[in-house]
S.K.: 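For reference, the structure I am asking about is given below.
This structure is a prediction, so every number in the text was calculated from the model and none was measured.
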Amino acid sequence: PRFARQGPSARAVVTIGKDRGRPPDMAPPAKRDGESDKKRTLGARYKTFLAENPVMGGAMQQSTIVACANLTRQLLSHQAAGGTLGSFAPNGGQMGKAFLVGGIIAVILKLWYMLIDRMGVTSTLGKVALDQGPGSFFFNFLAQSLFAAFDGLSPDEIVEKVFVYNNVKLVMFSWLWWIPVKAFMFQFISPANQIGFGAIGSYFWNIFMFYYTNN
C-alpha cells in the first residue's frame with residue numbers, strides 16, 4: 001500500500017483492488033445480512049411461482065386462507081361459548097374440508113375469469129356484473145354444496161339445505177363485500193394475481209359464511 005499526506009497529518013490510503021485511493025472512513029457499506037437476502041430471495045421466488053403457475057398458486061393460497069378462516073371461526077365460537085384459549089382444540093377435520101373446498105373453488109374460479117376474458121368483456125363494470133350476477137350465485141351454491149357433501153349429506157338434503165333455505169339472501173348480502181372487492185381486483189390486479197387477491201379478500205367473508213351456515 002501507498003501513503004499520501006492530506007493536511008497536517010498523514011492518513012493511510014488503502015490501494016488494494018477496486019478500493020484503491022479510498023480512505024478507510026469511506027469504505028463501501030456492508031452488505032445486507034444473509035437473513036435479509038434470503039427473505040428477499042424467497043419473496044422473489046414466490047412471486048415468480050405465482051406468475052408462472054397462477055392456478056396452482058391461487059389454489060394453494062385460497063385453500064390455506066379458507067382453512068385459516070375456519071380455524072378462526074372455531075376459536076371465536078369456542079370463546080363465545082365461554083372457553084379459554086388454553087382449552088381450545090382445533091377440529092382438523094373441519095379445517096381439512098375447508099382446505100379442499102378452497103382449492104376446488106380456486107381452480108373453477110380461474111376458469112371463470114378466463115371465460116369472462118374469452119367472452120370479450122373488457123370493462124370493469126361488465127366483469128363485475130357477470131362475476132357478481134350469475135357467477136356469485138354459482139360459486140356460493142357450489143361452495144355450500146361441497147361443504148354439505150363433505151359432511152355426508154345426501155343429494156336431496158343438499159338441495160334442501162343449499163337451495164331452499166336462505167342462501168339467496170346470503171348471496172345478496174355478499175354483494176356488499178364482494179362488489180367493491182371485485183371492482184378493485186378487475187381494475188388494478190393483474191390476471192396472474194387475481195386468485196391470490198380474491199383469496200385474501202375471502203378471509204373475512206369466509207368467517208361470516210361459516211357462522212351463517214352453522215346457524
Side-chain angles (χ1 to χ4, degrees), residues 54-83 87-116 127-182 185-186 194-215:
V55 177
M56 183 182 297
M60 290 172 57
Q61 284 183 321
Q62 180 138 315
S63 294
T64 302
I65 290 174
V66 173
C68 288
N70 179 275
L71 176 63
T72 303
R73 192 272 307 166
Q74 291 184 43
L75 177 59
L76 294 176
S77 298
H78 177 74
Q79 291 179 332
S87 63
F88 174 64
N91 187 324
Q94 287 188 14
M95 292 180 63
K97 294 174 186 176
F99 186 89
L100 289 175
V101 171
I104 294 171
I105 294 295
V107 173
I108 300 175
L109 197 58
K110 180 60 180 180
L111 297 176
W112 169 243
Y113 292 159
M114 293 172 62
L115 177 62
I116 292 177
K127 290 182 178 182
V128 172
L130 277 174
D131 186 71
Q132 292 304 297
S136 183
F137 282 96
F138 172 77
F139 283 103
N140 273 280
F141 290 157
L142 175 62
Q144 295 308 313
S145 298
L146 288 171
F147 278 117
F150 283 136
D151 286 337
L153 273 65
S154 67
D156 290 340
E157 291 173 325
I158 292 175
V159 170
E160 182 179 7
K161 179 178 181 179
V162 175
F163 295 98
V164 176
Y165 289 113
N166 292 326
N167 283 282
V168 172
K169 294 180 180 179
L170 174 65
V171 171
M172 296 176 69
F173 185 79
S174 74
W175 291 338
L176 296 174
W177 172 255
W178 281 116
I179 286 179
V181 169
K182 289 300 184 75
M185 183 190 79
F186 286 125
Q194 287 178 351
I195 296 296
F197 178 84
I200 295 172
S202 71
Y203 176 81
F204 298 102
W205 172 249
N206 277 310
I207 294 175
F208 170 80
M209 185 183 70
F210 287 128
Y211 269 123
Y212 181 91
T213 54
N214 283 347
N215 292 328

S.K.: Going through the checks in order, is the side chain to side chain contact (heavy atoms under 4.5 Å, CB included) test met by W178 and D131?
M.R.: CA-CA 10 Å; W178 281 116; D131 186 71; over 6 Å; no

S.K.: How close do A129 and P134 get, counting heavy atoms only, and between which atoms?
M.R.: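 Of all heavy-atom pairs spanning A129 and P134, the closest is O-CD, 4.0 Å.
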
S.K.: Report the residues that fulfil side-chain hydrogen bond (donor to acceptor under 3.5 Å, both in side chains) with Q79, sequence neighbours left out, ordered by chain and then residue number.
M.R.: none

S.K.: Nearest 0.5 Å please: distance from the CG atom of L111 over to the CD1 atom of I116.
M.R.: 11.5 Å

S.K.: For W175 versus P180, what's the shortest heavy-atom pair and its separation?
M.R.: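 Of all heavy-atom pairs spanning W175 and P180, the closest is O-CD, 3.7 Å.
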
S.K.: What pair of heavy atoms forms the shortest contact from V181 to F197, and how long is it?
M.R.: O-CE2, 3.7 Å

S.K.: Working to the nearest 0.5 Å, report the span between CZ of F138 and CH2 of W112.
M.R.: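 These two atoms lie 9.0 Å from each other.
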
S.K.: How long is the straight-line distance from CG of N140 back to OG of S145, given to the nearest 0.5 Å?
M.R.: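 Result: 10.5 Å between the selected atoms.
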
S.K.: To the nearest 0.5 Å, how far apart are CZ in F204 and OG1 in T72?
M.R.: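 One gets 9.0 Å once the value is rounded to the nearest 0.5 Å.
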
S.K.: Roughly how far, to the nearest 0.5 Å, is CZ of F147 from CD of Q94?
M.R.: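 Q94 atom CD to F147 atom CZ measures 9.5 Å (nearest 0.5 Å).
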
S.K.: Shortest non-hydrogen contact from V107 to A59?
M.R.: CG2-CB, 4.3 Å

S.K.: Partners of K110 by salt bridge (charged side-chain N to carboxylate O under 4.0 Å, His left out), sequence neighbours excluded?
M.R.: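 Partners of K110 by the salt bridge (charged side-chain N to carboxylate O under 4.0 Å, His left out) criterion come out as none, since no residue qualifies.
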
S.K.: Check the surroundings of atom CE in M95: do more than 12 heavy atoms from other residues, nucleotides or ligands lie under 6.0 Å from it?
M.R.: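 Yes, because the 6.0 Å sphere around CE of M95 holds more than 12 heavy atoms from other groups.
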
S.K.: Would you find a donor on one side and an acceptor on the other, under 3.5 Å apart, between the side chain of W205 and the backbone of S174?
M.R.: no

S.K.: Working note: L142 + I108, criterion side chain to side chain contact (heavy atoms under 4.5 Å, CB included); need CA distance, chi angles, decisive distance, verdict.
M.R.: CA-CA 10 Å; L142 175 62; I108 300 175; 3.6 Å; yes

S.K.: Would you compute the distance between atom CG of L76 and atom CG of L71 and round it to the nearest 0.5 angstrom?
M.R.: 9.5 Å

S.K.: If a pair satisfies side-chain hydrogen bond (donor to acceptor under 3.5 Å, both in side chains) and one of its residues is in residues 58-67, list it, with sequence neighbours excluded.
M.R.: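 Checked against side-chain hydrogen bond (donor to acceptor under 3.5 Å, both in side chains) - neighbours excluded - the pairs reaching residues 58-67 are Y46-Q61.
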
S.K.: Sequence neighbours excluded, which residues qualify as side-chain hydrogen bond (donor to acceptor under 3.5 Å, both in side chains) partners of Q194?
M.R.: none

S.K.: Using the side chain to side chain contact (heavy atoms under 4.5 Å, CB included) rule, take V66 and I105 through it: C-alpha gap first, then chi angles, then the decisive distance, then the call.
M.R.: CA-CA 10 Å; V66 173; I105 294 295; over 6 Å; no

S.K.: Taking side-chain hydrogen bond (donor to acceptor under 3.5 Å, both in side chains) as the definition, give me every residue that meets it alongside N91, ordered by chain and number, with sequence neighbours left out.
M.R.: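 With neighbours one apart ignored, the set is empty.
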
S.K.: Kindly assign one of parallel, tilted or perpendicular to the pair F186 and Y113, based on the angle between their ring planes and the thresholds 30° and 60°.
M.R.: perpendicular

S.K.: So which atom in I158 and which in A148 form the shortest heavy-atom distance, rounded to 0.1 Å?
M.R.: CG1-CB, 3.8 Å

S.K.: If you compare all heavy atoms of S202 against all heavy atoms of I65, which two are closest, and at what distance to 0.1 Å?
M.R.: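 So the minimum-distance heavy-atom pair works out to OG-CG2, 4.0 Å.
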
S.K.: For Q74, give me all partners under side-chain hydrogen bond (donor to acceptor under 3.5 Å, both in side chains), at least two apart in sequence or on another chain.
M.R.: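 If we apply the side-chain hydrogen bond (donor to acceptor under 3.5 Å, both in side chains) test to Q74, skipping adjacent residues, the hits are N70.
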
